[in-house]
Amino acid sequence: MHFFQYHNGRLFCEETDIAAIAQRVGTPFYLYSQRTLLRHCEHIHRAFGTLEHLTCYSVKANSNLALLHILAQEGIGADVVSGGELFRALKAGFPSEKIVYSGVGKTELEIEYALREEILLFNVESVPELETIDRIAGQMGQVAPVALRINPDIDPHTHPYIATGLQENKFGIPYSQARESFKIASEMKNLKVIGTDAHIGSQITTLEPFLESAERLAELVQTLGNEHIDIKYIDIGGGLGIRYEDETPPEPSEWAGAIAPVLAKTGCKIIFEPGRSLVGNAGILVTQVLYVKQTPRKLFVIVDAGMNDLIRPSLYGSHHQIKPVIESDSAKVQVDVVGPICESADFLATERLMPLANPGELLAVMSAGAYGFSMSSNYNSRPRCPEILVNASRFRVIRERETYQDLVRGESIEGDWISV
Ligand code: LLP
């Protein structure tokens, strides 16, 4: 069951008429379907069956508090990559023992914060980072639980900007240095080595790279066991792709079905860090057409959402389906759907064949729940748009539209000069 569907020519989110929401809140806005989110949670819960596991939602995909709260209530944990994300995760109600902290550049303050909150573990990406965590834990009289993130050098066959497990990437500890790094970590006084981790990339649509990565980790756990380093957790990262256009990514059950047997052999508890697969298809961006402009070369549909609202098409050339909120019988034409930002890369779609939309009409940019709002900015001094949550036939504003005052918060014309 798809929760964004037409009824009598009008696009609905669950049982709520999207055009009616637009009338109430204005455009542009992000719109999320609670039922879709819950259904995705259920798929993931079911995928692993009886295998001991912890799903830690990757907060970066969409960090709205209300959505985080729903996920926390579903028993899911959180994967955070900054102090800010940890703050959000705690505020939304994730128990600290279900929070893992990933990322290649944790600061001392962030490490201290996470130690104080007693999170489940740090996914550590280098020996210097191990040294820093060891030192801070020592100062705080604590023992820090750590997992080492390994870079398994596997090609995930995705956009180069979101491939993270190749030799040339900054992420993880090279596989060839893994044993040595574990040995170093296990000798540090204020660390407790309890896991290993890999995250090879995002929007991965085949099983093979996951399987290879799982095999590498399982092999490593066995080698470490022979060296008396007992690993309790294997964190397989996130990266499961979704359908934007005509991709056929594995279902969570197929994905888990493939890797679970490999991981089960290790006896470890499995951690999985999905982001996009939980929230991507639970959200859309709704925008209104401002102008239609014909030039000798192109037909531009100029809308009120831009690359500051959804940067994925500009940054990765990503495809998002664009649908009319109210179906029209206009003939299909080839258009570029562009925003108001002063950059030629400000497009939501290029050379797209779709029914010509006229000024005032609403468009739904589909599959925008992941890395949509969370990557938005105030560029061109545009207030960020609101986020709306639908549950059945009702909606709720879960983030208000920013105001002009919000834009200048913290700025000052006449601050005190400070001598150093
Ligand atoms: N774990 C780690 C350590 C990660 O770095 C990421 C994503 C995830 C989990 C979640 O991956 P997912 O399941 O969402 O694929 N902005 C890009 C995606 C960047 C992904 C960064 N890391 C996009 O819009 O496609």
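Whatever order the structure lists ligands and atoms in, that order sets their numbers, starting from 1.
Residues His319 and Tyr244 place their aromatic rings such that the two centres sit no closer than 6.0 Å. Ring centroid separation for the pair His199 and Phe171 does not come in under the 6.0 Å cut-off.
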List, for ligand 1, each N/O atom that has a protein N/O partner under 3.5 Å away, with both atom names and the distance.
from	atom 1	to	atom 2	distance (Å)
ligand 1	1 (N)	Asp79	OD2	3.3
ligand 1	1 (N)	Glu273	OE1	2.6
ligand 1	5 (O)	Lys60	NZ	3.4
ligand 1	13 (O)	Gly239	N	2.8
ligand 1	13 (O)	Gly275	N	2.9
ligand 1	14 (O)	Arg276	N	2.8
ligand 1	14 (O)	Tyr371	OH	2.6
ligand 1	15 (O)	Ser202	OG	2.4
ligand 1	15 (O)	Gly239	N	3.3
ligand 1	16 (N)	Tyr316	OH	2.7
ligand 1	24 (O)	Arg312	NE	2.6
ligand 1	25 (O)	Arg276	NH1	3.2
ligand 1	25 (O)	Arg276	NH2	2.8
ligand 1	25 (O)	Arg312	NE	3.4
ligand 1	25 (O)	Arg312	NH2	2.9

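The stretch residues 203-242 participates, sequence neighbours left out, in these ring pair (Phe, Tyr, Trp, His ring centres under 6.0 Å) pairs: Phe210-Trp255.
Screening Leu278, Leu68, Leu67, Leu37 for a side-chain contact (heavy atoms from CB on, under 4.5 Å) with Asn62, the sole residue that qualifies is Leu67.
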Checklist entry - Does the pair Glu187 and Lys183 meet the rule for a salt bridge (charged side-chain N to carboxylate O under 4.0 Å, His left out), with working shown? => result CA-CA 6 Å; Glu187 285 163 3; Lys183 189 161 170 286; 3.6 Å; yes
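For the 3.5 Å distance criterion, the side chains of Asn380 and Asn308 fail to qualify, holding no donor opposite an acceptor.
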